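Have a look at the structure below, then the notes.
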Amino acid sequence: MEISLTHEDMPETYLLQWNQAEGTFEGDPEVIHHITLMAGWVLEDGYASYPDMPTATYPITDPLKKSDELALVCKILGYTSPQLPLVYPELEFDGWVRDEHGNIVDQVLF
């Protein structure tokens, strides 16, 4: 599968061939190195946090073979791809701010 990656700080688009079944890539060696390195780190942790939602975590089990996990790895590195849409968790928000023990400490007003 061909994936096009755009980095938030660079104007060029990187094209990679992704063999999802094998978890391998062909293309720019530096981009591939960064992706595989980050994938190893989040796999070791067993989860990854969303860069724009640091309190929301996503379980990681096979980031080089699962498109949702690869999308998050790419997002952590600053890349986005139309072929790898980022999946956000559904969060429930009741309008209250709680401390680390679950006690209500404030209310969010919109």
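The shown structure was predicted, so the numbers you read here are calculated from the model rather than taken from an experiment.
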Point to revise | Residue list, ring-ring contact (aromatic ring centres under 6.0 Å, His included) with Tyr58, at least two apart or on another chain | key: none
**Study point:** Partner residues of Leu64 under the side chain to side chain contact (heavy atoms under 4.5 Å, CB included) criterion, sequence neighbours left out
**Key:** Phe25, Ile35, Thr36, Ala39
Check your understanding: Should the heavy atoms of other residues, nucleotides or ligands under 6.0 Å from CD of Glu8 be counted, would the total exceed 12?
Key -> yes
**Study point:** Rounded distance (nearest 0.5 Å) linking atom CG of Leu86 with atom OG of Ser81
**Key:** 11.0 Å
Check your understanding: Considering residues at least two apart in sequence or located in another chain, which fulfil the side chain to side chain contact (heavy atoms under 4.5 Å, CB included) criterion with Lys66?
Key -> Thr61, Asp62, Asp68, Glu69
Point to revise | pair Leu70-Pro63: side-chain heavy atoms closer than 4.5 Å | key: no
Review point. Are Leu15 and Met1 co-members of a hydrophobic cluster defined by side-chain heavy atoms under 4.5 Å apart?
Key: no
Exercise for review: Can you measure from CG (Leu5) to OG1 (Thr80) and round to the nearest 0.5 angstrom?
Suggested key: 8.0 Å
Review point. Taking only residues at least two apart or on different chains, which pairs with a member in residues 9-23 satisfy side chain to side chain donor-acceptor pair (under 3.5 Å)?
Key: Glu2-Gln17, Glu12-Tyr14
Review point. Among all residues two or more places apart in sequence or in another chain, which pass the ring-ring contact (aromatic ring centres under 6.0 Å, His included) test with His7?
Key: Tyr79
**Study point:** Contacts of type side chain to side chain contact (heavy atoms under 4.5 Å, CB included), residue Pro51, not counting sequence neighbours
**Key:** Leu72, Lys75, Ile76
Check your understanding: From Cys74 SG over to Leu16 CG, what is the distance, rounded to the nearest 0.5 angstrom?
Key -> 8.0 Å
Point to revise | Side-chain donor/acceptor of Asp45 to backbone N/O of Tyr47, under 3.5 Å | key: no
Practice item. Starting at CD1 of Ile60, measure out to CG of Leu43 and round the result to the nearest 0.5 Å. Key: 8.0 Å
Point to revise | Donor + acceptor pair across side chains of Gln83, Ser4 (<3.5 Å) | key: yes
